[in-house]
Number of protein chains: 2
Amino acid sequence: MKLAPDEMRQRFRARGLKMTPQRAAIYQALAGTTSHPTAEDLHRQVRRQHPMISPNTVYYTLGVLREAGLVYEVNYWHDRSRFDANIDLHHHLICLGCRSIQDLTDEALDRLAVSDRAKAGFSITGHRVEFHGYCAACCRRGRAGRGVGTDERRSDEGSLGVL
Amino acid sequence: MKLAPDEMRQRFRARGLKMTPQRAAIYQALAGTTSHPTAEDLHRQVRRQHPMISPNTVYYTLGVLREAGLVYEVNYWHDRSRFDANIDLHHHLICLGCRSIQDLTDEALDRLAVSDRAKAGFSITGHRVEFHGYCAACCRRGRAGRGVGTDERRSDEGSLGVL
DNA sequence: TTCCTTTTTAGGAATGATTCCTATATAGCA
DNA sequence: TGCTATATAGGAATCATTCCTAAAAAGGAA
């Protein structure tokens with residue numbers, strides 16, 4: 001998952017973004033995990049290399065990367081935004097127990113279509129499927145399902161995982 | 001879309017919820033629109049019948065209704081939560097221009113499945129598909145598409161529609 | 001109906017993620 | 001190497017949402 005510095009430079013340049021040590025660290029941290037961290041998670045992580053980096057810079061940078069299409073922002077029933085450097089089409093498994101998000105790649109799901117009648121003038125540019133349920137860890141812990149859109153709070157197991 | 005008082009009473013009672021004039025008004029307002037209003041939208045609406053109702057009551061009530069499974073909460077790239085009294089399985093068309101949300105009913109989409117291999121121990125209880133693009137109004141206005149997860153702000157055309 | 005207990009309501013204060021503002025520092029180009 | 005536009009840090013501000021509390025009301029029991 002470690003992104004080559006040249007590759008990163010490449011991607012930034014292609015979208016006319018300036019490269020700074022802070023941005024490199026933020027993007028690197030995000031590209032190096034599949035845990036869909038929050039801005040705060042990323043700030044904690046990046047602070048190890050850049051002790052003076054401000055949360056502000058993390059928010060600003062994530063905004064810039066999002067506008068440039070280099071990161072994707074998700075917010076299902078979370079109290080804050082989560083980010084993903086995987087911008088290839090993929091889908092999500094969202095745990096109603098711990099609120100974790102796993103990526104799901106599935107060719108068949110990439111090809112969904114809607115009848116012209118049903119979409120009634122809406123012009124579709126993309127889609128994504130969210131599956132709800134309970135992750136392996138929460139199943140093991142014995143999590144009976146409540147409804148979707150419910151408010152169980154995450155038990156929070158450090159959403160940056162190993163790095 | 002007007003919900004019969006008896007039917008509403010029925011639904012509340014079935015889940016052991018107390019019925020109050022405020023709750024009736026909030027649920028009625030939500031059931032009477034497909035525009036996925038925010039708590040604030042609902043507060044503005046309900047205030048017409050209940051001038052003294054507090055935003056607090058709206059938030060609290062929506063929370064109660066959500067826990068009871070009577071309303072669904074969504075938040076894609078919005079800055080606040082939006083609510084939906086349609087709890088039957090359905091999908092969403094999300095406009096990247098004005099941030100509006102339309103419901104989409106499609107039997108085929110209701111039947112998506114994932115291979116056991118791909119879900120790796122995740123126990124799926126439900127799913128929902130989000131389509132991104134531009135609504136008819138935004139297409140007319142000539143909205144060229146940017147990326148998904150982008151931050152165009154809604155032009156805000158009173159999300160409660162006619163009522 | 002009336003009483004009683006529990007839950008709801010309103011309102012004010014608090015919380016906390018995110019954004020705004022600004023002076024200084026730095027990237028990237030000429 | 002110098003210039004200009006942009007990024008950074010940090011402090012203050014915003015604003016949706018939640019917390020706290022006293023008073024009011026719902027719903028069941030008598």
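Below, chains carry the letters A, B, ... as their sequence lines are ordered, and counting in each starts from 1.
Between the P atom of dA16(D) and the CZ atom of Arg82(B) lies a distance of 12 Å, rounded to the nearest Å. Rounded to whole Å, atom P of dA13(D) lies 15 Å from atom CG of Asn56(A). For the pair Trp77(B) CH2 and dA16(D) C1', the interatomic distance rounds to 21 Å; values are reported in whole Å. Per the geometry, CD belonging to Gln22(B) stands 17 Å off P belonging to dT7(C), to the nearest Å. Counting to the nearest Å, the C1' atom of dA25(D) and the NE2 atom of His50(B) are 14 Å from each other. A straight line from CZ of Arg80(A) to P of dG16(C) spans 10 Å, rounded to a whole angstrom. Here dT9(C) presents its P atom at 11 Å from CG of Leu62(B), a figure rounded to the nearest Å. If you measure from atom CD of Glu67(B) to atom P of dT18(D), you get 11 Å, rounded to the nearest angstrom.
When heavy atoms are screened at a 4.0 angstrom cut-off, Arg47(A) is found touching no nucleic acid atom at all.
Side-chain atoms of Lys18(A) and base atoms of dT26(C) include no donor and acceptor less than 3.5 Å apart. Taking 3.5 Å as the limit, the base of dG16(C) and the side chain of Asp79(A) contain no donor-acceptor pair of atoms between them.
DNA chain D is contacted by both Pro21(A) and Met19(B); Pro21(A) maps to the nucleotide lying nearer its 5′ end (nearest heavy atom per residue). Toward the 5' end of DNA chain D, the nearer of the two residues Asn75(B) and Met52(A), judged by each one's closest nucleotide, is Met52(A).
Distances were taken from every side-chain heavy atom of Ala39(A) (C-beta onward) to each of dA26(D), dT18(C), dA7(D); the shortest belongs to dT18(C). If you check dA9(D), dT9(C), dA7(D) against the side chain of Tyr60(B), the one that comes closest is dT9(C). Of all nucleotides listed (dT17(D), dT8(C), dT8(D)), dT8(D) comes nearest to the side chain of Arg23(A).
Between Thr20(B) and dT7(C) there is no side-chain polar atom (N or O) within less than 4.0 angstrom of OP1 or OP2. Distances shorter than 4.0 Å separate none of the side-chain N or O atoms of Tyr59(B) from OP1 or OP2 on dT18(D). Using a 4.0 Å cut-off, no side-chain N or O of Ser81(A) falls inside it from OP1 or OP2 of dA17(C).
A distance-only check finds a donor-acceptor pair linking the side chain of His91(A) to the backbone of Val129(A) [under 3.5 Å].
Residues His36(A) and Asp41(A) have side chains that never bring a donor and an acceptor to within less than 3.5 angstrom of each other. His92(B) and Tyr76(B) share a side-chain donor-acceptor pair at under 3.5 Å. A donor and an acceptor atom, one from each side chain of Ser81(B) and Glu73(B), are located under 3.5 Å apart.
Summarising the local packing, CZ of Arg13(B) is surrounded by 12 or fewer heavy atoms from other residues, nucleotides or ligands at distances under 6.0 Å.
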